[in-house]
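To keep things clear, I will list the structure first and then write my remarks on it.
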Amino acid sequence: MGTRFLMTQNENNNGTNHIVVDGVLIESEFDKKKVVEKLFKGQSFKRILDKDSLKIGIQGNQIFIDSFYETKDTGGRRIFYMYLINQQEIDFDGIVDLLEIDSKILSREISAEMLDSIRNLQHRKSVKKRINLLIAGIIGVALLVYLISKVR
C-alpha cells in the first residue's frame with residue numbers, strides 16, 4: 001500500500017485529517033486508519049533532527065517527518081503534517097520534492113527554511129560519512145605502522 005504517506009489536519013481543525021498516499025487523496029476510512037497506524041510507528045524512529053517545529057526520524061530505508069506547514073487553519077494556526085516515505089536510497093533532495101508534490105494536492109505550503117533544513121540533512125549525512133571514512137583510514141594506517149614496527 002504505497003511508498004509515500006502524508007497526513008495533515010483539515011483546514012477547520014475539527015479532528016478529521018486528510019490522507020495522501022503516493023500522490024492520491026484517500027477517502028476510504030479503512031485505508032486512512034491503516035496509514036495513520038504506519039505514521040504513528042514513524043514517531044518512534046531514531047531521530048536525526050529534532051527542532052521545535054521539525055522532527056525527522058529514520059529506520060532502515062524509511063524517513064519520518066513531523067512538522068507544520070506555513071498554511072494556516074481557520075483559527076490562524078499553522079497546519080501540522082506527518083510524512084513517511086520508503087526509499088531504497090535516502091535522498092533528502094528527492095524527499096523534499098515528493099513532499100512538496102504531495103502537499104500541493106491539498107494546497108499546502110512549506111516554508112523555504114523548513115525545506116532547506118531537510119535538504120541539509122543530505123549534506124550532513126555525506127560529511128559524516130566522509131569523516132567516518134577518514135577516521136577508519138587513519139586507524140588503518142596506524143595499525144599498519146604498528147604491525148610493521150612489530151615485524152622488524
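In this chain, residues are counted from 1 in sequence order.
Interatomic distance, T3 OG1 to L98 CG, rounded to the nearest 0.5 Å: 7.5 Å. To the nearest 0.5 Å, atom CG of residue D102 and atom CG of residue L25 are 11.0 Å apart. The distance from the OG1 atom of T8 to the CG atom of L106 is 6.5 Å, given to the nearest 0.5 Å. Rounding to the nearest 0.5 Å places CD1 of I95 at 4.5 Å from CD1 of I63. Note that the CG atom of D22 and the CG atom of N86 stand 9.0 Å from one another [nearest 0.5 Å]. Atom CG of L115 and atom CG of N120 lie 11.0 Å apart (nearest 0.5 Å).
Partners of F45 under the ring-ring contact (aromatic ring centres under 6.0 Å, His included) rule, at least two apart in sequence or in another chain, do not exist in this structure. Remark: D52 pairs with no residue by the salt bridge (charged side-chain N to carboxylate O under 4.0 Å, His left out) rule, at least two apart or across chains. By the salt bridge (charged side-chain N to carboxylate O under 4.0 Å, His left out) test, E11 pairs with R108, sequence neighbours left out. Residues forming a salt bridge (charged side-chain N to carboxylate O under 4.0 Å, His left out) with E29 (at least two apart in sequence, or on another chain): K32. For D73, the side chain to side chain contact (heavy atoms under 4.5 Å, CB included) partners at least two apart in sequence or on another chain are Q9, N13, R77, I79. Partners of F64 by ring-ring contact (aromatic ring centres under 6.0 Å, His included), not counting sequence neighbours: none found. Listed by chain and number, the residues in a side-chain hydrogen bond (donor to acceptor under 3.5 Å, both in side chains) with K51 are S117 (sequence neighbours excluded). Scored by the side-chain hydrogen bond (donor to acceptor under 3.5 Å, both in side chains) test, S103 finds Y69 as partners (sequence neighbours excluded). When the side-chain hydrogen bond (donor to acceptor under 3.5 Å, both in side chains) test is applied to N14, the partners found at least two apart in sequence or on another chain are N10, T16. By the side chain to side chain contact (heavy atoms under 4.5 Å, CB included) test, V24 pairs with no residue at all, sequence neighbours left out.
Between F92 and I118, the closest heavy-atom pair is CB-O, 3.4 Å. Between S53 and S67 the shortest heavy-atom distance is O-OG, 2.6 Å. Looking at every heavy atom in both residues, L84 comes nearest to Q62 through CD1-CB, 4.2 Å. Shown here for E109 and T71, the closest heavy-atom pair between the two residues is N-OG1, 2.8 Å. Considering all non-hydrogen atoms of both residues, F5 and K38 come closest at CZ-CD, 3.7 Å.
Contact annotation: the side chain of R78 approaches that of E70 to within less than 4.5 Å [non-hydrogen atoms, C-beta and beyond]. Proximity of I65 to Y81: side-chain heavy atoms (C-beta onward) are separated by under 4.5 Å at one or more points.
Pairs passing the salt bridge (charged side-chain N to carboxylate O under 4.0 Å, His left out) check and including a residue from residues 58-68, sequence neighbours excluded, do not occur.
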>> Go through it in stages, so that I can follow the logic: the residues are K150 and L147, the test is side chain to side chain contact (heavy atoms under 4.5 Å, CB included), and I'd like the CA-CA distance, side-chain angles, deciding distance and then a yes or no.
In response: CA-CA 5 Å; K150 285 294 185 184; L147 290 174; 5.7 Å; no

> Could you go step by step and tell me if D31 and V21 meet the side chain to side chain contact (heavy atoms under 4.5 Å, CB included) rule?
Replying inline: CA-CA 10 Å; D31 289 339; V21 176; over 6 Å; no

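In the hydrophobic clustering, where aliphatic and aromatic side chains (Ile, Leu, Val, Met, Phe, Trp, Tyr) are joined below 4.5 Å either directly or transitively, V141 groups with V145.
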